[in-house]
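We name chains A, B, ... by the order of the sequence lines, and we start the count at 1 in each one.
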Protein chains: 2
Amino acid sequence: MSEALSMEGDIVSAMTATDEPGNKKTVFTIGELAKEFGVTLRTLRFYEDKGLINPKRDGQNRLYNRRDRARLKLVLMGKQVGFSLNEICDMLDLYDLRDGQVVQLRVALDKFNEQIDVLKQQKSHIEQAIDELSRTVEVVSGMLKQKESAER
Amino acid sequence: MSEALSMEGDIVSAMTATDEPGNKKTVFTIGELAKEFGVTLRTLRFYEDKGLINPKRDGQNRLYNRRDRARLKLVLMGKQVGFSLNEICDMLDLYDLRDGQVVQLRVALDKFNEQIDVLKQQKSHIEQAIDELSRTVEVVSGMLKQKESAER
DNA sequence: CTGGACGTTTACGCAAACGTAAGCTATCAC
DNA sequence: GTGATAGCTTACGTTTGCGTAAACGTCCAG
């Protein structure tokens with residue numbers, strides 16, 4: 001459907017990204033961020049309502065810093081691996097008590113492993129469905145051939 | 001989540017089931033059907049609203065015959081292989097012009113193949129997610145070990 | 001001064017598949 | 001007669017992740 005244009009990063013690098021104030025841009029408008037990550041403004045505002053991101057304001061206008069941007073990245077990658085926004089929200093909150101503390105890492109690790117299990121179950125379910133449908137296709141194909149040859 | 005208790009049949013056998021009036025039961029109440037297939041009464045009424053099943057009435061009470069039962073079976077199996085109720089509805093309608101006609105079989109065949117493609121894409125997406133999460137787990141595990149040994 | 005570009009808020013809509021009452025009927029057992 | 005069991009209809013609620021206006025503010029270019 002919608003191609004994530006600049007999705008070259010993985011979860012870990014997004015988690016461990018430090019705010020080194022190099023020559024990089026440090027502040028973004030909503031439009032810039034939206035374009036960069038291939039989402040709509042509505043989406044970013046929605047994420048804010050849900051407490052996933054908390055940009056500062058320039059008057060009325062939202063201003064996102066690198067930390068907001070990193071969180072957004074995590075949100076989008078969390079979605080990609082099947083987490084709901086609520087789950088992501090919980091994990092981000094945890095992560096926010098981040099001193100790189102052991103406890104949060106452990107919690108995250110558990111969530112990740114749980115999610116892997118969920119995904120594996122889904123995969124297995126899908127494989128069963130594919131098998132069932134494939135069998136059906138074979139049989140129906142056979143029926144069709146029969147009918148066709150009988151009608152001639 | 002919910003175990004389908006008597007789901008031993010496949011799609012083809014449900015499609016080709018003939019209404020041989022053997023010694024089998026030919027009429028069912030809503031409660032019987034619900035129990036047999038592990039769904040709620042609400043679900044059966046909902047399917048009726050959506051036009052998936054059309055039981056006759058004994059006064060107010062619904063009476064399902066073997067054909068209704070077969071359709072229900074198809075609905076539930078359609079769900080299992082990932083079709084939406086709307087899609088199932090379309091296919092059932094087609095199937096209702098059933099003289100075992102070639103055209104409907106072909107249409108069904110196409111839908112099945114399309115759905116197989118959809119499922120394969122989903123599967124691939126899930127596999128990617130699993131990979132990404134697995135990589136993440138490995139890295140985070142490593143980080144944890146480091147921290148732990150460092151703290152001691 | 002007029003039109004874009006970019007931003008804001010509030011708020012209803014949607015799709016899928018039912019859940020969950022609320023309030024009523026009918027039948028059977030005891 | 002009283003409760004249990006099984007059924008009925010109507011209709012609002014739930015969840016997720018935004019889409020899609022509506023109606024308005026602001027600032028810059030021409």
Please report the distance, rounded to the nearest Å, between [atom1] in [X] and [atom2] in [N].
| X | N | atom1 | atom2 | answer |
| --- | --- | --- | --- | --- |
| A/Tyr47 | D/dC18 | OH | C1' | 8 Å |
| B/Ile30 | D/dA6 | CD1 | P | 13 Å |
| B/Arg57 | C/dA26 | CZ | P | 15 Å |
| A/Leu41 | D/dA21 | CG | P | 15 Å |
| A/Lys35 | C/dC6 | NZ | C1' | 11 Å |

So does A/Arg62 pair up with A/Glu48, basic N to acidic O under 4.0 Å?
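Yes.
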Heavy-atom side-chain proximity of A/Gln128 to A/Ser124 below 4.5 angstrom:
yes
Main chain of A/Val81, side chain of B/Glu132: is a donor-acceptor contact present, judged purely on distance under 3.5 Å?
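No: the side chain of B/Glu132 does not pair with the backbone of A/Val81.
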Short side-chain N/O contact to C/dA16 OP1/OP2 from B/Asn86, under 4.0 Å:
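So the side-chain polar atoms of B/Asn86 do come within 4.0 Å of the phosphate oxygens OP1 or OP2 of C/dA16, strictly under.
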Give a yes/no answer on whether the side chain of A/Arg62 brings an N or O atom under 4.0 Å of OP1 or OP2 in C/dT9.
yes
Would you mind classifying the nucleic acid contact of A/Arg45 as base, sugar-phosphate or nothing, using non-hydrogen atoms under 4.0 angstrom?
base
Partners of A/Leu63 by side chain to side chain contact (heavy atoms under 4.5 Å, CB included), sequence neighbours excluded?
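With neighbours one apart ignored, the set is A/Val27, A/Asp58.
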Structure string for DNA chain C in dot-bracket form, Watson-Crick and G-U at under 3.5 Å, | interchain:
||||||||||||||||||||||||||||||
